[in-house]
Amino acid sequence: MNLSLKPGAEGLRAQLFHIIFESDTPGAKAFDIGLILAILLSVGVILLDSVEAYAERYGMLFYVLEWIFTILFSIELVLRLYCLERPTLYLKSFYGIVDLIAILPTWLVLLIPGAHGLVIVRILRVLRIFRILRLMEFVGEARLLIDALKRSLRQILLFFFSIFMVVTLFAALMYVIESPEAGFTSIPMSIYWAIVSMTTVGYGDIVPATPLGKSITVVLMLLGYSIIAVPTGVFSAQVIRSIREDRYSEEACPGCGHERHEKRAYYCLRCGTWLDEHSEDPRKKEEEKKEEKKKDDNGDDTDKNAPQDSDT
(Lines give C-alpha, C1' and ligand atoms only; values in the text may rest on other atoms or scores of the structure.)
Protein backbone atom coordinates (compact mmCIF):
# COMPACT_ATOMS: atom_id res chain seq x y z
CA MET A 1 0.00 0.00 0.00
CA ASN A 2 1.22 3.52 -0.80
CA LEU A 3 1.85 5.28 2.51
CA SER A 4 0.79 8.64 1.05
CA LEU A 5 -2.74 7.35 0.48
CA LYS A 6 -4.98 7.61 3.52
CA PRO A 7 -8.64 6.81 4.13
CA GLY A 8 -11.00 9.75 3.99
CA ALA A 9 -12.79 9.08 7.28
CA GLU A 10 -13.78 6.38 9.69
CA GLY A 11 -16.68 4.07 8.96
CA LEU A 12 -17.60 2.93 5.47
CA ARG A 13 -14.82 4.87 3.74
CA ALA A 14 -12.19 3.35 6.02
CA GLN A 15 -13.58 -0.14 5.46
CA LEU A 16 -13.53 0.32 1.70
CA PHE A 17 -9.98 1.67 1.91
CA HIS A 18 -8.74 -1.43 3.74
CA ILE A 19 -10.44 -3.71 1.23
CA ILE A 20 -9.38 -1.86 -1.94
CA PHE A 21 -5.89 -0.58 -1.12
CA GLU A 22 -4.67 -3.24 1.31
CA SER A 23 -4.30 -7.00 1.02
CA ASP A 24 -3.76 -8.28 4.58
CA THR A 25 -7.34 -9.42 5.19
CA PRO A 26 -9.42 -12.18 3.54
CA GLY A 27 -11.81 -9.60 2.08
CA ALA A 28 -8.97 -7.54 0.61
CA LYS A 29 -7.29 -10.60 -0.90
CA ALA A 30 -10.59 -11.75 -2.39
CA PHE A 31 -11.07 -8.28 -3.91
CA ASP A 32 -7.56 -8.30 -5.41
CA ILE A 33 -7.97 -11.79 -6.89
CA GLY A 34 -11.38 -10.92 -8.33
CA LEU A 35 -9.99 -7.72 -9.82
CA ILE A 36 -7.06 -9.58 -11.38
CA LEU A 37 -9.44 -12.07 -12.99
CA ALA A 38 -11.62 -9.24 -14.31
CA ILE A 39 -8.58 -7.46 -15.78
CA LEU A 40 -7.34 -10.63 -17.47
CA LEU A 41 -10.78 -11.37 -18.90
CA SER A 42 -11.20 -7.81 -20.19
CA VAL A 43 -7.78 -7.90 -21.87
CA GLY A 44 -8.68 -11.30 -23.34
CA VAL A 45 -11.85 -9.81 -24.83
CA ILE A 46 -9.80 -7.03 -26.44
CA LEU A 47 -7.31 -9.51 -27.88
CA LEU A 48 -10.01 -11.78 -29.31
CA ASP A 49 -11.92 -8.80 -30.69
CA SER A 50 -8.84 -7.87 -32.73
CA VAL A 51 -9.07 -11.21 -34.60
CA GLU A 52 -11.25 -10.63 -37.63
CA ALA A 53 -12.84 -14.10 -37.66
CA TYR A 54 -13.84 -13.84 -33.99
CA ALA A 55 -14.96 -10.23 -34.34
CA GLU A 56 -17.38 -11.12 -37.17
CA ARG A 57 -18.84 -14.07 -35.28
CA TYR A 58 -18.87 -12.82 -31.68
CA GLY A 59 -18.74 -9.06 -32.20
CA MET A 60 -21.95 -8.35 -30.29
CA LEU A 61 -20.85 -10.55 -27.37
CA PHE A 62 -17.52 -8.75 -27.19
CA TYR A 63 -19.32 -5.41 -27.27
CA VAL A 64 -21.58 -6.37 -24.36
CA LEU A 65 -18.70 -7.80 -22.34
CA GLU A 66 -16.63 -4.70 -22.91
CA TRP A 67 -19.43 -2.50 -21.58
CA ILE A 68 -19.82 -4.77 -18.55
CA PHE A 69 -16.10 -4.51 -17.78
CA THR A 70 -16.10 -0.76 -18.39
CA ILE A 71 -18.99 -0.24 -15.96
CA LEU A 72 -17.34 -2.47 -13.34
CA PHE A 73 -14.01 -0.67 -13.59
CA SER A 74 -15.77 2.70 -13.54
CA ILE A 75 -17.53 1.74 -10.30
CA GLU A 76 -14.25 0.51 -8.87
CA LEU A 77 -12.51 3.80 -9.75
CA VAL A 78 -15.32 5.80 -8.14
CA LEU A 79 -15.02 3.70 -4.97
CA ARG A 80 -11.27 4.22 -4.91
CA LEU A 81 -11.69 7.97 -5.11
CA TYR A 82 -14.55 7.95 -2.60
CA CYS A 83 -12.60 6.21 0.16
CA LEU A 84 -9.48 8.39 -0.14
CA GLU A 85 -8.73 11.52 1.82
CA ARG A 86 -7.05 13.10 -1.23
CA PRO A 87 -8.51 11.55 -4.43
CA THR A 88 -6.47 13.80 -6.74
CA LEU A 89 -3.28 12.30 -5.33
CA TYR A 90 -4.31 8.89 -6.63
CA LEU A 91 -5.45 10.26 -10.01
CA LYS A 92 -1.99 11.79 -10.50
CA SER A 93 -0.25 8.50 -9.79
CA PHE A 94 0.70 5.98 -12.49
CA TYR A 95 -2.02 3.49 -11.59
CA GLY A 96 -4.62 6.24 -11.31
CA ILE A 97 -3.80 7.37 -14.84
CA VAL A 98 -3.98 3.74 -16.02
CA ASP A 99 -7.39 3.33 -14.37
CA LEU A 100 -8.67 6.49 -16.05
CA ILE A 101 -7.30 5.73 -19.51
CA ALA A 102 -8.63 2.17 -19.34
CA ILE A 103 -12.25 3.32 -19.14
CA LEU A 104 -12.20 6.62 -21.05
CA PRO A 105 -12.26 5.32 -24.67
CA THR A 106 -15.56 3.48 -24.30
CA TRP A 107 -17.28 6.42 -22.58
CA LEU A 108 -15.89 8.96 -25.07
CA VAL A 109 -17.19 7.02 -28.07
CA LEU A 110 -20.60 6.97 -26.42
CA LEU A 111 -20.70 10.58 -25.21
CA ILE A 112 -19.12 12.40 -28.16
CA PRO A 113 -21.22 12.18 -31.36
CA GLY A 114 -19.25 11.21 -34.43
CA ALA A 115 -16.17 10.29 -32.41
CA HIS A 116 -15.58 7.08 -34.34
CA GLY A 117 -11.94 8.05 -34.78
CA LEU A 118 -11.49 7.55 -31.05
CA VAL A 119 -12.08 3.82 -31.44
CA ILE A 120 -8.37 3.44 -32.13
CA VAL A 121 -7.74 4.62 -28.55
CA ARG A 122 -9.47 1.46 -27.31
CA ILE A 123 -6.14 -0.32 -27.48
CA LEU A 124 -5.11 1.71 -24.43
CA ARG A 125 -7.44 -0.48 -22.38
CA VAL A 126 -4.73 -3.12 -22.52
CA LEU A 127 -3.00 -0.93 -19.92
CA ARG A 128 -5.27 -2.58 -17.38
CA ILE A 129 -2.80 -5.44 -17.35
CA PHE A 130 -0.24 -3.16 -15.65
CA ARG A 131 -2.38 -3.02 -12.54
CA ILE A 132 -1.65 -6.70 -11.94
CA LEU A 133 1.93 -5.72 -11.12
CA ARG A 134 0.65 -3.80 -8.09
CA LEU A 135 -2.07 -6.27 -7.16
CA MET A 136 0.42 -9.15 -7.10
CA GLU A 137 2.54 -7.49 -4.41
CA PHE A 138 0.75 -9.40 -1.68
CA VAL A 139 2.10 -12.67 -3.05
CA GLY A 140 5.32 -13.72 -1.30
CA GLU A 141 6.89 -15.21 -4.42
CA ALA A 142 6.42 -11.96 -6.29
CA ARG A 143 8.22 -10.12 -3.49
CA LEU A 144 11.17 -12.50 -3.82
CA LEU A 145 11.36 -11.87 -7.57
CA ILE A 146 11.22 -8.11 -7.05
CA ASP A 147 14.02 -8.29 -4.47
CA ALA A 148 16.11 -10.39 -6.86
CA LEU A 149 15.56 -7.88 -9.69
CA LYS A 150 16.61 -4.98 -7.47
CA ARG A 151 19.77 -6.76 -6.36
CA SER A 152 20.80 -7.90 -9.83
CA LEU A 153 19.94 -4.62 -11.56
CA ARG A 154 23.48 -3.23 -11.49
CA GLN A 155 25.07 -6.45 -12.73
CA ILE A 156 22.53 -6.78 -15.54
CA LEU A 157 22.94 -3.13 -16.57
CA LEU A 158 26.72 -3.55 -16.60
CA PHE A 159 26.32 -6.70 -18.67
CA PHE A 160 24.10 -4.98 -21.26
CA PHE A 161 26.48 -2.01 -21.41
CA SER A 162 29.38 -4.38 -22.13
CA ILE A 163 27.31 -6.18 -24.78
CA PHE A 164 26.44 -2.86 -26.40
CA MET A 165 30.14 -1.98 -26.64
CA VAL A 166 30.93 -5.35 -28.23
CA VAL A 167 28.01 -4.97 -30.65
CA THR A 168 29.14 -1.47 -31.63
CA LEU A 169 32.68 -2.70 -32.21
CA PHE A 170 31.55 -5.55 -34.46
CA ALA A 171 29.11 -3.24 -36.27
CA ALA A 172 31.80 -0.68 -37.03
CA LEU A 173 34.09 -3.47 -38.25
CA MET A 174 31.43 -4.90 -40.57
CA TYR A 175 30.58 -1.42 -41.86
CA VAL A 176 34.19 -1.07 -43.01
CA ILE A 177 34.47 -4.60 -44.45
CA GLU A 178 31.08 -5.05 -46.15
CA SER A 179 29.59 -2.95 -48.95
CA PRO A 180 26.34 -0.93 -48.79
CA GLU A 181 24.86 -3.33 -51.36
CA ALA A 182 24.93 -6.08 -48.71
CA GLY A 183 22.80 -3.90 -46.42
CA PHE A 184 25.52 -2.31 -44.27
CA THR A 185 24.60 1.24 -45.27
CA SER A 186 25.47 2.82 -41.90
CA ILE A 187 26.84 1.97 -38.47
CA PRO A 188 23.35 2.07 -36.85
CA MET A 189 22.14 -0.42 -39.49
CA SER A 190 25.20 -2.53 -38.76
CA ILE A 191 24.38 -2.39 -35.04
CA TYR A 192 20.94 -3.75 -35.90
CA TRP A 193 22.60 -6.60 -37.82
CA ALA A 194 25.02 -7.30 -34.95
CA ILE A 195 22.21 -7.52 -32.38
CA VAL A 196 20.20 -9.85 -34.61
CA SER A 197 23.27 -12.02 -35.18
CA MET A 198 24.36 -12.11 -31.52
CA THR A 199 20.90 -13.14 -30.37
CA THR A 200 20.97 -15.84 -33.11
CA VAL A 201 17.64 -14.63 -34.49
CA GLY A 202 18.89 -14.25 -38.05
CA TYR A 203 16.21 -12.36 -39.99
CA GLY A 204 18.25 -12.60 -43.18
CA ASP A 205 17.53 -9.06 -44.38
CA ILE A 206 21.20 -8.10 -43.96
CA VAL A 207 23.75 -10.78 -44.88
CA PRO A 208 27.54 -10.40 -45.19
CA ALA A 209 28.93 -11.19 -48.62
CA THR A 210 32.69 -11.38 -48.07
CA PRO A 211 34.48 -14.38 -46.52
CA LEU A 212 35.94 -12.16 -43.79
CA GLY A 213 32.51 -10.77 -42.96
CA LYS A 214 31.06 -14.28 -42.74
CA SER A 215 33.89 -15.32 -40.43
CA ILE A 216 33.21 -12.37 -38.15
CA THR A 217 29.51 -13.30 -38.17
CA VAL A 218 30.36 -16.83 -36.99
CA VAL A 219 32.47 -15.43 -34.15
CA LEU A 220 29.65 -13.07 -33.16
CA MET A 221 27.07 -15.87 -33.13
CA LEU A 222 29.29 -18.13 -31.02
CA LEU A 223 29.91 -15.22 -28.67
CA GLY A 224 26.16 -14.72 -28.40
CA TYR A 225 25.64 -18.38 -27.48
CA SER A 226 28.32 -18.19 -24.80
CA ILE A 227 27.05 -15.06 -23.04
CA ILE A 228 23.29 -15.32 -23.53
CA ALA A 229 22.93 -17.19 -20.23
CA VAL A 230 24.86 -14.60 -18.17
CA PRO A 231 21.90 -12.39 -17.15
CA THR A 232 19.82 -15.49 -16.45
CA GLY A 233 22.53 -16.83 -14.14
CA VAL A 234 22.89 -13.50 -12.34
CA PHE A 235 19.15 -13.25 -11.78
CA SER A 236 18.86 -16.89 -10.71
CA ALA A 237 21.66 -16.44 -8.18
CA GLN A 238 19.87 -13.43 -6.69
CA VAL A 239 16.59 -15.36 -6.53
CA ILE A 240 18.32 -18.17 -4.62
CA ARG A 241 19.92 -15.60 -2.32
CA SER A 242 16.56 -13.97 -1.63
CA ILE A 243 14.99 -17.34 -0.87
CA ARG A 244 17.80 -18.20 1.52
CA GLU A 245 17.63 -14.86 3.30
CA ASP A 246 13.88 -15.17 3.58
CA ARG A 247 14.18 -18.66 5.06
CA TYR A 248 17.49 -18.69 6.94
CA SER A 249 18.95 -16.52 9.68
CA GLU A 250 22.58 -15.33 9.76
CA GLU A 251 22.78 -15.39 13.57
CA ALA A 252 25.33 -17.82 14.96
CA CYS A 253 24.58 -20.44 17.57
CA PRO A 254 25.73 -19.25 21.04
CA GLY A 255 26.90 -22.79 21.79
CA CYS A 256 28.93 -23.95 18.77
CA GLY A 257 28.90 -20.90 16.47
CA HIS A 258 27.09 -22.66 13.61
CA GLU A 259 25.25 -20.27 11.24
CA ARG A 260 22.38 -20.43 8.72
CA HIS A 261 19.59 -21.84 10.85
CA GLU A 262 16.01 -21.58 9.69
CA LYS A 263 14.31 -18.49 11.10
CA ARG A 264 11.65 -20.63 12.75
CA ALA A 265 14.24 -22.89 14.40
CA TYR A 266 14.45 -22.81 18.21
CA TYR A 267 17.45 -25.10 18.72
CA CYS A 268 20.79 -25.48 16.95
CA LEU A 269 20.92 -28.20 14.32
CA ARG A 270 24.36 -29.33 15.46
CA CYS A 271 24.59 -29.01 19.23
CA GLY A 272 20.96 -28.48 20.26
CA THR A 273 21.59 -25.16 22.03
CA TRP A 274 18.68 -22.75 22.54
CA LEU A 275 19.13 -20.06 19.84
CA ASP A 276 17.19 -17.15 21.31
CA GLU A 277 19.60 -15.41 23.66
CA HIS A 278 16.93 -12.97 24.84
CA SER A 279 14.74 -15.61 26.39
CA GLU A 280 15.28 -18.64 28.56
CA ASP A 281 15.23 -22.15 27.18
CA PRO A 282 11.84 -23.68 28.13
CA ARG A 283 13.40 -27.11 27.94
CA LYS A 284 15.85 -26.08 30.67
CA LYS A 285 12.98 -25.00 32.88
CA GLU A 286 11.30 -28.35 32.40
CA GLU A 287 14.52 -30.17 33.27
CA GLU A 288 14.93 -28.05 36.40
CA LYS A 289 11.36 -28.82 37.40
CA LYS A 290 12.01 -32.52 36.86
CA GLU A 291 15.17 -32.33 38.98
CA GLU A 292 13.32 -30.53 41.77
CA LYS A 293 10.50 -33.05 41.61
CA LYS A 294 13.00 -35.92 41.70
CA LYS A 295 14.72 -34.39 44.73
CA ASP A 296 11.38 -33.94 46.45
CA ASP A 297 10.45 -37.54 45.68
CA ASN A 298 13.80 -38.75 47.00
CA GLY A 299 13.31 -36.67 50.13
CA ASP A 300 9.87 -38.15 50.71
CA ASP A 301 11.24 -41.65 50.21
CA THR A 302 14.03 -40.95 52.71
CA ASP A 303 11.55 -39.75 55.31
CA LYS A 304 9.41 -42.82 54.81
CA ASN A 305 12.37 -45.20 55.09
CA ALA A 306 13.78 -43.48 58.17
CA PRO A 307 13.39 -45.58 61.44
CA GLN A 308 10.46 -44.49 63.55
CA ASP A 309 11.14 -43.71 67.23
CA SER A 310 9.15 -46.13 69.36
CA ASP A 311 7.23 -44.87 72.30
CA THR A 312 8.87 -45.70 75.53
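Here the structure is a predicted model, which is why all the values come from computation and not from measurement.
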Checklist entry - side-chain hydrogen bond (donor to acceptor under 3.5 Å, both in side chains): which pairs involve residues 208-217, sequence neighbours left out? => result E178-T210
Checklist entry - Does anything in residues 51-63 pair up under side-chain hydrogen bond (donor to acceptor under 3.5 Å, both in side chains), and if so which pairs, sequence neighbours excluded? => result Y63-W67
Got [X] and [Y] here, is their nearest side-chain heavy-atom distance under 4.5 Å?
X: F21; Y: L84; value: yes
X: D99; Y: I103; value: no
X: Y82; Y: R13; value: yes

By side chain to side chain contact (heavy atoms under 4.5 Å, CB included) - contacts of [X] (at least two apart):
X: V64; result: M60, I68
X: I75; result: I71, L79
X: L81; result: L77, P87, Y90, L91
X: S50; result: none

Checklist entry - Taking only residues two or more places apart in sequence, or in another chain, which ones meet S197 in a side chain to side chain donor-acceptor pair (under 3.5 Å)? => result W193
Next on the checklist: Please enumerate all residues that pass side chain to side chain donor-acceptor pair (under 3.5 Å) together with Y192, with sequence neighbours excluded.
Outcome noted: D205
Same cluster or not: are [X] and [Y] linked, directly or through other Ile, Leu, Val, Met, Phe, Trp or Tyr residues, by side-chain heavy atoms under 4.5 angstrom apart?
X: L173; Y: M165; answer: no
X: L169; Y: I163; answer: no
X: I177; Y: I191; answer: yes
X: L61; Y: V43; answer: yes
X: I206; Y: M174; answer: yes

Does [X] sit in a hydrophobic cluster with other residues, and if so which ones, taking ILVMFWY side chains as linked at heavy-atom separations under 4.5 Å, directly or through other members?
X: L153; value: L157
X: L222; value: V218
X: M221; value: none

Nearest 0.5 Å, please: how far is [atom2] in [Y] from [atom1] in [X]?
X: L47; Y: S42; atom1: CG; atom2: OG; value: 9.5 Å
X: L223; Y: I216; atom1: CG; atom2: CD1; value: 12.5 Å
X: K92; Y: T88; atom1: NZ; atom2: OG1; value: 5.0 Å
X: L48; Y: F62; atom1: CG; atom2: CZ; value: 4.5 Å
X: E66; Y: D49; atom1: CD; atom2: CG; value: 8.5 Å

Checklist entry - Which atom pair, heavy atoms only, marks the closest approach of D32 to I20? => result OD1-O, 4.2 Å
Checklist outcome for this item: On a heavy-atom basis, the closest approach of P208 and G213 is CB-C, 3.9 Å
Checklist entry - Given L35 and F73, is the side chain to side chain contact (heavy atoms under 4.5 Å, CB included) satisfied, shown in steps? => result CA-CA 9 Å; L35 191 56; F73 292 136; 3.8 Å; yes
Checklist entry - Which residue pairs pass the ring-ring contact (aromatic ring centres under 6.0 Å, His included) test with at least one member in residues 151-173, sequence neighbours excluded? => result none
